[in-house]
Amino acid sequence: MALTPEVTSVLNEQINKEMYSSYLYLTFADYYEDRGLKGFANWYEIQAKEEMDHALAIRRYLLDNDFKPTMEAIAKPDKVFDNDLAPLEAGLEHEEYVTSLIHHCYEVAHSVHDVRTMKFLDWFVAEQGEEETNARDMITNMKLFGCDPKGLYDLDREYQARTYVQSASLNL
Ligand SMILES: [Fe+2]
Ligand SMILES: [Fe+2]
């Protein structure tokens with residue numbers, strides 16, 4: 001059964017949004033790298049890779065369903081940060097926005113009774129819940145420990161320990 005134009009259109013747009021997320025998180029990593037906080041930079045570099053995986057998974061889904069996606073221009077991230085908390089707050093705001101986009105994709109699939117796409121999007125719905133939790137935790141940690149140099153050092157070490165693992169449930 002072919003995907004409807006409504007569904008292919010929102011999923012094609014979502015590829016672009018996920019790639020923009022990847023791009024955005026690279027600018028967060030650049031900010032922290034410049035600050036000498038290589039652990040925070042590492043965390044966001046890995047986040048950028050995950051966002052690219054999300055884009056690739058949606059691309060693969062469209063291709064497997066006999067639709068050729070179009071790669072549109074990716075917007076330039078234009079946020080400027082002047083303190084170490086600011087990227088984390090921008091991160092939570094961005095993830096909440098992406099959650100609304102994923103939910104919209106789901107609603108479009110639901111409106112045309114596209115059960116296959118709804119099932120495909122289930123993973124993304126759960127993932128967004130985790131992303132928001134992570135983003136909130138990072139803000140809490142920074143507020144609790146970030147104002148003390150030793151606390152900030154320990155946090156940076158903690159984020160340095162994050163390693164990239166490609167999600168086994170994503171078909172890229
Ligand atoms: Fe994502
Ligand atoms: Fe995300």
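Remember, it's 1-based here, ligands and their atoms both numbered in the order they're listed.
- Residue Thr99 forms a side-chain hydrogen bond (donor to acceptor under 3.5 Å, both in side chains) with just one option from Gln128, His94, Glu127, and that option is Gln128.
- Closest approach between the Fe ion (ligand 1) and any N/O/S atom of His54 involves ND1.
- For the atom pair Phe120 CZ and Asp114 CG, the distance stands at 11.0 Å (nearest 0.5 Å).
- Between Phe28 and Tyr25, the angle of the ring planes goes over 60°, which puts this pair in the perpendicular group of the 30/60° scheme.
- Considering just the N/O/S atoms of Glu18, the one nearest the Fe ion (ligand 1) carries the name OE1.
- For Glu51, the nearest N, O or S atom to the Fe ion (ligand 1) falls under 2.8 Å.
- Distances from the Fe ion (ligand 2) to each N, O or S atom of Glu95 single out OE2 as the nearest.
- The distance from the Fe ion (ligand 1) to the nearest N/O/S atom of Glu131 is not under 2.8 Å.
- A salt bridge does not link Lys49 with Asp53: every distance from a Lys NZ or Arg NE/NH1/NH2 to an Asp or Glu carboxylate oxygen is 4.0 Å or more.
- Using cut-offs of 30° and 60° on the angle between ring planes, the pair Tyr44 and Tyr32 is parallel.
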